[in-house]
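What you see below is based on every heavy atom in this structure, not just the backbone, and it leaves out hydrogens, waters and symmetry mates. Quick caveat, the model's predicted, so the values are computed rather than measured.
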Amino acid sequence: MLKKFMVSSLSLLMVFSLAACSGSSTTSKSEDKPEKEKTSSKEENVTLRMAWWGSQPRHDYTLKIIEMYEKEHPNVKIEPEYASWDDYWKKLAPQAAANELPDIIQMDLSYITQYSTNKQLTDLKPYFGKEIDTKDLSDNFLEGGKIGDKYFGLSTGVNAIGYQYDPALLKKIGVDKVSEDWTWDDYQEMAQKASKAGLYIDNGPGTAPDVFFNYYLRSQGKSLYSKDGTKLGYTDDKLFVTYFKMYADLVKEKAVQSPDAAAQVKGLEDDPVVKQKSIGIFQWSNQFIGIQQVANRPLEMVGMPGPNGDKGLFLKPSMIWSIANNSKQKEEAAKFIDFMTNNIEANKLMLGDRGVPGSPKVQDALKPLLSPSQQQVFDYVAWAGENSSAFSGPDPIGAGEVINTLKGFTDQMAYGTMKPEDAAKQFRQQAEAILAKNKK
């Protein structure tokens, strides 16, 4: 199914920022409560609150899109509430507790399960094919915001993880190119060569262990979480031991960054790839544009190491548009989500910053606007769509706590203060205690 989606998606990708890496302070906020329930009409004045996180460029173009929409719909007033990633969730939580969420919410996969389970988000299915035109959107695209049999959001776009590298530095260790079918054995062999040359091979697969360990588990036919979110998705701890022993050994051999070194990277200017101290980096495709711009030299992208990379790789919804359950203007909110999704002029302002547009018509309209580096991202995501498997859905409630627990054990293994075998057992005990709370 992903193949079908990406065949239709061979026209665009450019994502300037990963959601979690955005950084700008809160700039606008409305404390108005939603209006009382009423039936909307073209003649009635409608006020919508809309919230999103991001950097200043995202704020700027989103405000322009709002202005464009208000000109086309003079009866609609949209009040923006925007912030940096951290501030955004800090402000959204008390609004949710008070049942005063904004009508339109930019949602993330890490939180959508929590908010939907707490009955704070609206099922969008009744609006599909009506207020929200879905005829050009594939089932895979629509399912990005699906939990159970309900659609609690509509994906803004997709991205994929991969290895982004400096081909000039790669040649310094005697390797001309990273093959699309490279393996973890190839990776470790390259890492040894990089270490001998005084370079890192990358930032280390332990930097975001929930992302990259989950990829490894998927390549083995498993996953980090079970389908019902009540336990881990793998039973054999040998998978944990194999993966994290590799990481710990690479840190010891100075082939990848230590946690201490990684903590010193405060921005793209500090990244070892930019400073030509690392051959590459494992990260999401949406981060490629930024690092190449700062590095100011040609970089390349390739998929993750295998075997079975096509089983491990998946296309991830970048962000999700949701509607608050407390909204009194759900139909009008759905119409604006349709505008962000399908309007070509609005997407020309957005330029794929929130991910690959789901509509092929929008993709085709944006294609002539792509820069060479944006085209690289486009090509990689197109390849990833042909060489990946189905997205397994949003993280379960408690995932944030599980991720922090895993990161703690990962650092201890990297420092050599805990053996992978011991970490595997303790992680399972603690993670499953957290996830067991989801049992009904």
Which value, rounded to the nearest 0.5 Å, describes the distance between Asn308 atom CG and Thr183 atom OG1?
11.0 Å
Any donor-acceptor pair under 3.5 Å linking the side chain of Asn438 with the backbone of Gly229?
yes
Taking the basic N atoms (NZ, or NE/NH1/NH2) and the acidic carboxylate oxygens, is any pair closer than 4.0 Å for Asp60 and Arg58?
no
Go through the steps to decide whether Arg218 and Asn214 satisfy the test side chain to side chain contact (heavy atoms under 4.5 Å, CB included), and finish with yes or no.
CA-CA 6 Å; Arg218 284 172 55 91; Asn214 186 45; 3.9 Å; yes
Please say whether more than 12 non-hydrogen atoms of neighbouring residues, nucleotides or ligands are located less than 6.0 Å from NZ in Lys407.
yes
Under a 4.5 Å cut-off applied to non-hydrogen side-chain atoms, are Phe141 and Thr134 in contact?
no
Rounded to the nearest 0.5 Å, what's the gap from NZ on Lys361 to CG on Asp364? Could you check?
10.0 Å
For the side chain of Gln164 and the backbone of Trp284, is there at least one donor-acceptor N/O pair under 3.5 Å apart?
yes
Non-hydrogen atoms of Ala295 and Leu299 that approach each other most closely
CB-CD1, 4.3 Å
Return the CG to NZ distance between Asn140 and Lys146, rounded to the nearest 0.5 Å.
11.0 Å
Mind running side chain to side chain contact (heavy atoms under 4.5 Å, CB included) on Thr341 and Leu154 for me, showing each step along the way?
CA-CA 9 Å; Thr341 303; Leu154 180 62; 3.5 Å; yes
Salt bridge (charged side-chain N to carboxylate O under 4.0 Å, His left out) contacts touching residues 227-243 (sequence neighbours left out)
Asp237-Arg428
Taking the side chain as C-beta and beyond, is there a heavy-atom pair between Pro57 and Asp353 under 4.5 Å?
no
Of all heavy-atom pairs between Ile105 and Pro102, which one has the smallest distance, and what is that distance?
CG1-O, 3.5 Å
Short question: side chain of Tyr88, backbone of Gln106 - any donor-acceptor pair under 3.5 Å?
yes
Would a distance-only check, ignoring hydrogens and angles, find a side-chain to backbone donor-acceptor pair under 3.5 Å from Ser285 to Val377?
no
How far apart are the C-alpha atoms of Asp379 and Gln375, what are their side-chain angles, what is the distance that settles it, and do they pass the side chain to side chain donor-acceptor pair (under 3.5 Å) test?
CA-CA 6 Å; Asp379 290 339; Gln375 187 67 49; 3.3 Å; yes
Do side-chain atoms of Ser327 reach the backbone of Ala324 as a donor and acceptor pair under 3.5 angstrom?
no
Could you please spell out the steps behind the side chain to side chain contact (heavy atoms under 4.5 Å, CB included) verdict for Glu386 and Trp383?
CA-CA 5 Å; Glu386 295 292 324; Trp383 177 86; 5.8 Å; no
Distance-minimising heavy-atom pair for Gly153 and Ile320:
CA-CG2, 3.3 Å
Answer yes or no: is there a side-chain heavy-atom contact under 4.5 Å between Val175 and Leu170?
yes
Would you please test Ser155 and Arg354 for side chain to side chain donor-acceptor pair (under 3.5 Å) and show each step?
CA-CA 9 Å; Ser155 176; Arg354 286 182 165 101; over 6 Å; no
Mind checking whether Tyr163 and Tyr165 have parallel, tilted or perpendicular rings, split at 30° and 60°?
parallel
Within this structure, what is the OH-CZ distance for the pair Tyr215 and Phe314, rounded to the nearest 0.5 Å?
11.0 Å
Would you mind listing every ring-ring contact (aromatic ring centres under 6.0 Å, His included) that reaches into residues 421-440, with sequence neighbours excluded?
Phe240-Phe427
Test: salt bridge (charged side-chain N to carboxylate O under 4.0 Å, His left out). Region: residues 240-251. Which pairs qualify, not counting sequence neighbours?
Lys245-Asp249
Mind running side chain to side chain contact (heavy atoms under 4.5 Å, CB included) on Met50 and Glu81 for me, showing each step along the way?
CA-CA 6 Å; Met50 175 183 174; Glu81 303 176 18; over 6 Å; no
Just grab all the salt bridge (charged side-chain N to carboxylate O under 4.0 Å, His left out) pairs involving residues 277-306, residues at least two apart or on different chains.
Asp166-Arg297
To the nearest 0.5 Å, atom NZ of Lys316 lies from atom OG of Ser388 at 14.5 Å
Asp87 bridged to Lys91 by N-O distance under 4.0 Å
no
Measuring only between side-chain heavy atoms, which start at C-beta, is Leu239 closer than 4.5 Å to Leu217?
yes
Pairs involving residues 180-207, ordered by first then second residue, that meet salt bridge (charged side-chain N to carboxylate O under 4.0 Å, His left out) (sequence neighbours left out)
Glu189-Lys193
Give the minimum heavy-atom separation between Ile112 and Gly145, together with the two atoms involved.
CD1-O, 4.3 Å
Using modelled atom types only, decide if a donor and an acceptor are shared between the side chain of Glu432 and the backbone of Leu232 within a distance under 3.5 Å.
yes
Spell out, as yes or no, whether a donor-acceptor pair under 3.5 Å connects the side chain of Asp338 to the backbone of Asp133.
yes
Enter the distance from Leu124:CG to Phe152:CZ here, rounded to the nearest 0.5 Å.
9.0 Å
Partners passing ring pair (Phe, Tyr, Trp, His ring centres under 6.0 Å) against Phe339 (at least two apart in sequence or in another chain):
Tyr69
Nearest heavy-atom neighbours spanning Pro126 and Glu131:
O-OE1, 4.5 Å
Side-chain heavy-atom pair Met107, Met319 within 4.5 angstrom cut-off:
no
Give the minimum heavy-atom separation between Ala333 and Ile104, together with the two atoms involved.
CB-CG1, 3.7 Å
For residues Tyr82 and Trp53, establish whether the separation of their ring centroids is below 6.0 Å.
no
Determine, stepwise, if the pair Asp395 / Tyr225 fulfils side chain to side chain donor-acceptor pair (under 3.5 Å).
CA-CA 8 Å; Asp395 291 343; Tyr225 306 109; 4.8 Å; no
May I ask you to check whether Tyr234 and Phe213 place their ring centers less than 6.0 Å from one another?
yes
Taking the side chain as every heavy atom from C-beta outward, state whether Gln257 and Ser278 have any atom pair closer than 4.5 Å.
no
Is it true that a side-chain atom of Tyr380 and a backbone atom of Ile161 form a donor plus acceptor pair closer than 3.5 Å?
yes
Would a distance-only check, ignoring hydrogens and angles, find a side-chain to backbone donor-acceptor pair under 3.5 Å from Asp123 to Lys150?
no
Should Gln412 and Tyr415 count as side-chain neighbours, where that means a heavy-atom distance under 4.5 Å?
no
Assess, by modelled atom type and distance only, whether the side chains of Gln430 and Glu401 contain a donor and an acceptor separated by less than 3.5 Å.
no
Non-hydrogen side-chain atoms of Pro357 and Leu366 separated by less than 4.5 Å
yes
Within the distance-only criterion (no hydrogens, no angle test), does the side chain of Asn347 pair as donor or acceptor with the backbone N or O of Asn343 below 3.5 angstrom?
yes
Over 60° means perpendicular and under 30° means parallel, so classify the ring planes of Phe282 and Tyr187, tilted if in between.
tilted
